[in-house]
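What follows is one structure encoded as structure tokens, with my remarks underneath.
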Amino acid sequence: KQEKTDITTLEKKIAEQQAQIEELMKIIQGGMNAVAPITNTEDINADEDILVVSLTPNKLNLVGSDGSTLFSFDAMYEEQYIDYASLKEIVRVNRDMAKNGRFYILDEKAVNKLRLKNNYKNVLTPEQMKQILSSNTEHAVELYKLANATQQQTILDVVRQAKFNGKDVDYNLLRELGELSGVNLIDAEDATQIEK
């Protein structure tokens, strides 16, 4: 008789747990279904301003379809708001620059609409780029390894510029980046300072 009671109790517990699992599954599936249409129907107005950051260590001109400069950035990390219609044209004309992270779009919705989401998996954010010189060597080298080829070149340029501007750049960082890139950063000369 005791065994029958135990079995009945276990069966009730199993039935309760099964019901809870089914409820959770409904919530999860309901949640997924509820989220999907929102992201698909979300549109961006042509005049909506999108924040864009230059990730180029010198002047950056973003040109339109007629070849004229639509927006100009004078320095790395400079931010500008660009209306979505212009940004769409810029990305169409300068697709490689957009894909490689010469400039960074700080709006996930716009990145998705402009079909750059996959490319941005291999593009360092402005915050990550800023960490190259301020974090420890190991972290800076990991960031370098995560970056695509274009951004790796940018990182080398940034490190070189910092060194030439008299900033204290860790010797280990210069050595490790030099080994990874094949560029001698330790003995590099500042071409702008060489007398002719």
Q.
So that I can tick it off, tell me whether R175 and E179 are bridged by a salt bridge, with the cut-off set at under 4.0 angstrom between side-chain N and carboxylate O.
A. yes
Q | T69 side, atom OG1; N61 side, atom CG - distance, nearest 0.5 Å | A | 4.0 Å
**Q.** Cluster overlap V63 with V91, hydrophobic side-chain contacts below 4.5 Å
**A.** no
Q) Minimum heavy-atom separation for G64 to E89, with atom names? A) CA-OE2, 3.2 Å
Q | Shared hydrophobic cluster, I105 / L70 (ILVMFWY, side-chain heavy atoms < 4.5 Å) | A | yes
Q: Specify the closest pair of heavy atoms between Q151 and M129, including all atoms of both residues, with the distance to one decimal.
A: NE2-SD, 4.1 Å
Q. Which pairs with one or both residues in residues 64-106 pass ring-ring contact (aromatic ring centres under 6.0 Å, His included), sequence neighbours excluded?
A. Y104-Y120
**Q.** Same apolar cluster: V53 and M76, side chain cutoff 4.5 Å
**A.** yes
Q) Can you find a heavy atom in the side chain of L173 that is under 4.5 Å from one in the side chain of T137? A) yes
Q: Decide if atom NZ of K117 counts as having more than 12 heavy atoms of other residues, nucleotides or ligands within a radius under 6.0 Å.
A: no
**Q.** Flag, side chain of N148 to backbone of N100, donor-acceptor distance under 3.5 Å
**A.** yes
(Q) Does any part of the side chain of L133, heavy atoms only, come nearer than 4.5 Å to the side chain of V159, both counted from C-beta? (A) yes
Q: From the options I155, I186, V183, N172, select the one residue that forms a side-chain contact (heavy atoms from CB on, under 4.5 Å) with L177.
A: I155
Q.
Whether the side chain of Q128 engages the backbone of L143 through a donor-acceptor N/O pair (distance < 3.5 Å, no angle test) should be reported.
A. no
Q) At what distance, to the nearest 0.5 angstrom, does CD1 of I50 lie from NZ of K88? A) 12.0 Å
Q: Indicate whether any N or O donor in one side chain lies under 3.5 Å from an N or O acceptor in the other, for Q153 and D157.
A: yes
Q) CZ/R102 to OG1/T56 distance, rounded to the nearest 0.5 angstrom? A) 4.0 Å
Q: May I ask you to decide if N118's main-chain N or O and K99's side chain share a donor-acceptor pair within less than 3.5 Å?
A: no
**Q.** Derivation of the side-chain contact (heavy atoms from CB on, under 4.5 Å) call for L60 and M97
**A.** CA-CA 10 Å; L60 173 68; M97 288 172 68; 3.1 Å; yes
Q | Beyond-backbone contact of Q152 with S181, side-chain heavy atoms, under 4.5 angstrom | A | no
**Q.** Donor-acceptor contact present, side-chain N45 to main-chain E48, <3.5 Å
**A.** no
Q) What distance do L62 atom CG and S68 atom OG have between them, rounded to the nearest 0.5 Å? A) 11.5 Å
Q) Hey, are the side chains of Q20 and E23 touching, using non-hydrogen atoms and a 4.5 Å cut-off? A) no
Q. Between K113 and D43, is there a side-chain N and carboxylate O pair less than 4.0 Å apart?
A. yes
**Q.** Separation between OG1 of T125 and CG of L55, rounded to the nearest 0.5 Å
**A.** 8.0 Å
Q.
Regarding S54 and E78, do their side chains bring together a donor and an acceptor under 3.5 Å, going by distance alone?
A. no
Q.
On a heavy-atom basis, which atom in V123 and which in G101 lie closest, and how many Å separate them?
A. CG1-CA, 3.8 Å
Q. Do V93 and V52 share a hydrophobic cluster, counting only Ile, Leu, Val, Met, Phe, Trp and Tyr and linking them when any side-chain heavy atoms are less than 4.5 Å apart?
A. no
Q | Separation of K13 NZ from T8 OG1 (nearest 0.5 Å) | A | 12.5 Å
Q: Using a 4.5 Å cut-off on heavy atoms from C-beta on, say whether the side chain of N112 contacts that of E108.
A: yes
Q. For the side chain of Q80 and the backbone of S72, is there at least one donor-acceptor N/O pair under 3.5 Å apart?
A. yes
Q.
Counting neighbours of CG on D66 that are heavy atoms of other residues, nucleotides or ligands and sit closer than 6.0 Å, is the number greater than 12?
A. yes
